[in-house]
**Q** 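Shown below is the structure under consideration.
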Amino acid sequence: LFALFGGIILNLMPCVFPVLSMKALSLINLGEKEESKARGYGISYTLGILISFAMIGGTLLLLKSGGAQIGWGFQLQNPMVITILAYMIFMIGLNLAGLFEFSGRLGKIGNITQKLSDQSGHKGAFFTGILATVVATPCTAPFMGAALGFALTQPAIISMIVFLALGLGLALPYLALCFIPALRSKLPKPGAWMLTFKQFLSFPMFITAAWLVWVLSQQAGSFGVLMALIGMVLIAFMIWIYKVLPAKGVGRTLGIILIILSALFVAGTLATSKTMTELNAPNATANWSEFTPQTLKTALEGDNPVFTNMTAAWCITCLANEQTTLGTETVQQAMAEYDVTYLKGDWTNEDPEITQILNAFDRPSVPLYVLYSGEPGSEPRILPQILTPSIMLEAFAEL
């Protein structure tokens, strides 16, 4: 049930919401006589999500059984995966903005948005489910942490049931729209606003792509970011070249050569992101220190409370908590008032020591917030994954 609720909440995350909106647009033009078509789209979309979650969960279980120290979101620790995802989101944004409005000889190919939200294609709905899963993996919603922690301590069949319940929760809102006509009747009527709204949805996609490039900066350094940005420019260049290609002649040959060369360079940017291991120096500030098993051990030997924050650059929930709670003056002053030692562990890249901490608390994903009272023999307290200043102040007051 926790996994199901967590999956439902994932639909409100900034990466997933535009995808869900694109699918909702595809339902607006469906009439009552096309009820079976709507149900078919819902089933295809759900299958895409469930199969994707099964593949990610199965891979995670397989790697853990082989001794790998990994957790949920492990694929995002690979700079190549981050770069590919950034390119894909960027292309979808270009498409939503109108750059992919092909015509003539390219009409048979169509465009990305039509592939994703075309009313006549179950394949489009299926692959949208895959896309929704991919863009949802950086997020950790409430209830998810406990559900995933439980899943990875159970036999494989139980773990897969939890993963599938999470996927079902992600699919449930769109599935309900497809199967309940009364819900679809609440959607706005079709009209010219749909084109404007579709173009508007490109901006969350561009923001997501920019955020992924920032994540890449934490993994591959400044040179990796430069290569990724050049790759994005070349993707836009290839799309433009393809649109203006003449039907035949020297110009067409030259255009195809330019597209091939650009594609090879984009492939090179992926290889660069994989091999770059430069990391920016830890952003140490006055109010927190870098987490290591030794710094934690040393901090716990004292009498002061200890607060540990396991985070990652690709974790949207972590970043939100940093901005709304942990980085606020109120919480920082409270830490100083209660003499709290603040340790922060960065799981942006693979780190077996942090993974062991996550596993020790049955939380195979970030964020993980743990408060140690400093009193001998006392049990550490796991704080909620969604923090508020009041939650932090109450926790400190109870020390």
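This chain uses plain numbering: 1 for the first residue, then up along the sequence. Worth saying up front: this structure is predicted, and the values here are computed from it rather than measured.
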**Q** Any chance the side chains of Gln332 and Thr328 put a donor and an acceptor closer than 3.5 Å?
**A** no
**Q** Carefully, step by step, assess Val340 and Val306 under the rule side chain to side chain contact (heavy atoms under 4.5 Å, CB included).
**A** CA-CA 5 Å; Val340 177; Val306 180; 6.0 Å; no
**Q** Does some side-chain heavy atom of Arg363 sit less than 4.5 Å from a side-chain heavy atom of Leu148?
**A** no
**Q** Give the intermediate values and the outcome of side chain to side chain donor-acceptor pair (under 3.5 Å) for residues Thr295 and Thr292.
**A** CA-CA 5 Å; Thr295 57; Thr292 66; 3.1 Å; yes
**Q** For Leu1, does the CG atom sit with more than 12 other heavy atoms under 6.0 Å from it, leaving out its own atoms?
**A** no
**Q** Tell me whether Leu166 shares a hydrophobic cluster with Leu62, the cluster being built from Ile, Leu, Val, Met, Phe, Trp, Tyr side chains joined at under 4.5 Å.
**A** no
**Q** So do Val370 and Pro380 actually touch side chain to side chain, heavy atoms under 4.5 Å?
**A** yes
**Q** Closest heavy-atom contact between Gly169 and Asn11?
**A** O-ND2, 3.6 Å
**Q** Output all residues satisfying salt bridge (charged side-chain N to carboxylate O under 4.0 Å, His left out) with Lys344, sequence neighbours left out; order by chain, then residue number.
**A** Glu322
**Q** When rounded to the nearest 0.5 angstrom, what is the spacing between CG in Asn304 and CD in Glu301?
**A** 13.0 Å
**Q** Would you check if the side chain of Ser159 reaches a backbone N or O of Ala151 as a donor-acceptor pair within less than 3.5 Å?
**A** yes
**Q** Keeping Gln219 on the side-chain end and Leu76 on the backbone end, is there a donor-acceptor pair under 3.5 Å?
**A** yes
**Q** Under 30°, 30 to 60°, or over 60°: which ring-plane class applies to Tyr338 and Phe396, parallel, tilted or perpendicular?
**A** tilted
**Q** Looking only at heavy atoms, what is the nearest atom pair of Thr83 and Ala228, with distance?
**A** CG2-CB, 4.5 Å
**Q** Are Met88 and Leu85 close enough that some pair of their side-chain heavy atoms sits under 4.5 Å apart?
**A** yes
**Q** Taking the side chain as C-beta and beyond, is there a heavy-atom pair between Phe206 and Leu94 under 4.5 Å?
**A** yes
**Q** Tell me, with the steps shown, if Trp288 and Thr341 meet side chain to side chain donor-acceptor pair (under 3.5 Å).
**A** CA-CA 7 Å; Trp288 64 268; Thr341 301; over 6 Å; no
**Q** Taking the side chain as C-beta and beyond, is there a heavy-atom pair between Val366 and Leu358 under 4.5 Å?
**A** yes
**Q** Would you mind reporting whether Leu201 and Phe197 have side-chain heavy atoms less than 4.5 Å apart?
**A** yes
**Q** The test is side chain to side chain contact (heavy atoms under 4.5 Å, CB included); show your working for Met310 and Thr308 and say whether it passes.
**A** CA-CA 7 Å; Met310 301 303 154; Thr308 61; 4.0 Å; yes
**Q** Give a yes or no answer on whether the side chain of Thr46 reaches the backbone of Leu172 with a donor-acceptor pair at less than 3.5 Å.
**A** no
**Q** Under 4.5 Å between side-chain heavy atoms, counting indirect links through other Ile/Leu/Val/Met/Phe/Trp/Tyr residues: same cluster for Trp240 and Val266 or not?
**A** yes
**Q** Looking at every heavy atom in both Met392 and Leu383, which two are closest together, and how far apart are they?
**A** SD-CD1, 3.8 Å
**Q** For the CG atom of Leu261 and the CD1 atom of Ile256, what is their distance to the nearest 0.5 Å?
**A** 12.0 Å
**Q** Heavy-atom distance under 4.5 Å between the side chains of Leu387 and Thr324, does that happen here?
**A** no
**Q** Step by step, work out the side chain to side chain donor-acceptor pair (under 3.5 Å) result for Asn309 and Thr311.
**A** CA-CA 6 Å; Asn309 170 13; Thr311 183; 4.6 Å; no
**Q** Would you say Phe90 ends up clustered with Phe265 if hydrophobic residues are merged whenever their side chains have heavy atoms under 4.5 Å apart, either directly or through other cluster members?
**A** yes
**Q** With a 3.5 Å distance limit and no angle check, can you tell me whether Thr208 reaches the backbone of Pro204 through a side-chain donor-acceptor pair?
**A** yes
**Q** Do Leu12 and Ile8 land in one hydrophobic cluster if side-chain heavy atoms of ILVMFWY residues count as linked below 4.5 Å?
**A** no
**Q** For the backbone of Gly129 and the side chain of Thr133, can you confirm whether one donor and one acceptor N or O come within less than 3.5 Å of each other?
**A** yes
**Q** If every non-hydrogen atom of Ser378 is compared with every non-hydrogen atom of Ser373, which pair is closest and at what distance?
**A** OG-OG, 2.6 Å
**Q** Whether the side chain of Ser217 engages the backbone of Trp214 through a donor-acceptor N/O pair (distance < 3.5 Å, no angle test) should be reported.
**A** yes
**Q** Suppose the criterion is side chain to side chain donor-acceptor pair (under 3.5 Å): which pairs have a residue in residues 387-399, not counting sequence neighbours?
**A** Arg381-Glu398, Thr388-Ser390
**Q** List for me each residue that meets salt bridge (charged side-chain N to carboxylate O under 4.0 Å, His left out) alongside Glu329, sequence neighbours excluded, and say none if there are none.
**A** none
**Q** So among Tyr342, Phe291, Tyr372, which one has a ring pair (Phe, Tyr, Trp, His ring centres under 6.0 Å) with Phe307?
**A** Tyr342
**Q** Taking all atoms of both residues into account, what is the closest heavy-atom pair of Ile259 and Tyr242, and its distance?
**A** CD1-CD1, 3.8 Å
**Q** Rounded to the nearest 0.5 Å, what separation is found between the CG atom of Leu50 and the CE atom of Met160?
**A** 10.0 Å
**Q** Using disulfide bond (SG atoms under 2.5 Å apart) as the criterion, list what pairs up with Cys178, not counting sequence neighbours.
**A** none
**Q** For Thr348 and Ala313, which heavy atoms make the closest approach, and how far apart are they?
**A** OG1-N, 2.8 Å
**Q** Carefully, step by step, assess Leu60 and Lys64 under the rule side chain to side chain contact (heavy atoms under 4.5 Å, CB included).
**A** CA-CA 6 Å; Leu60 175 59; Lys64 285 185 69 69; 4.0 Å; yes
**Q** Do Leu399 and Leu371 have side-chain heavy atoms sitting under 4.5 Å apart?
**A** yes
**Q** Between Ile382 and Tyr369, is the side chain to side chain contact (heavy atoms under 4.5 Å, CB included) condition met? List the steps.
**A** CA-CA 6 Å; Ile382 300 178; Tyr369 306 110; over 6 Å; no
**Q** Going from CG on Leu195 to CG on Leu96, what distance comes out if it is rounded to the nearest 0.5 angstrom?
**A** 10.5 Å
**Q** Please, which pairs that meet ring pair (Phe, Tyr, Trp, His ring centres under 6.0 Å) have at least one residue in residues 159-195, sequence neighbours excluded?
**A** Tyr45-Tyr174, Trp72-Phe163
**Q** Calculate, to the nearest 0.5 Å, the distance between atoms CE and CD1 belonging to Met232 and Ile89 respectively.
**A** 9.5 Å
**Q** Applying the 4.5 Å side-chain criterion to the ILVMFWY set and letting contacts propagate, would Met205 and Phe200 be lumped into a single cluster?
**A** yes
**Q** State which residues pass ring pair (Phe, Tyr, Trp, His ring centres under 6.0 Å) with Phe2; sequence neighbours excluded, sorted by chain then number.
**A** Phe143
**Q** Could you measure the distance from the CD1 atom of Ile354 to the CD atom of Gln356? Nearest 0.5 Å is fine.
**A** 10.5 Å
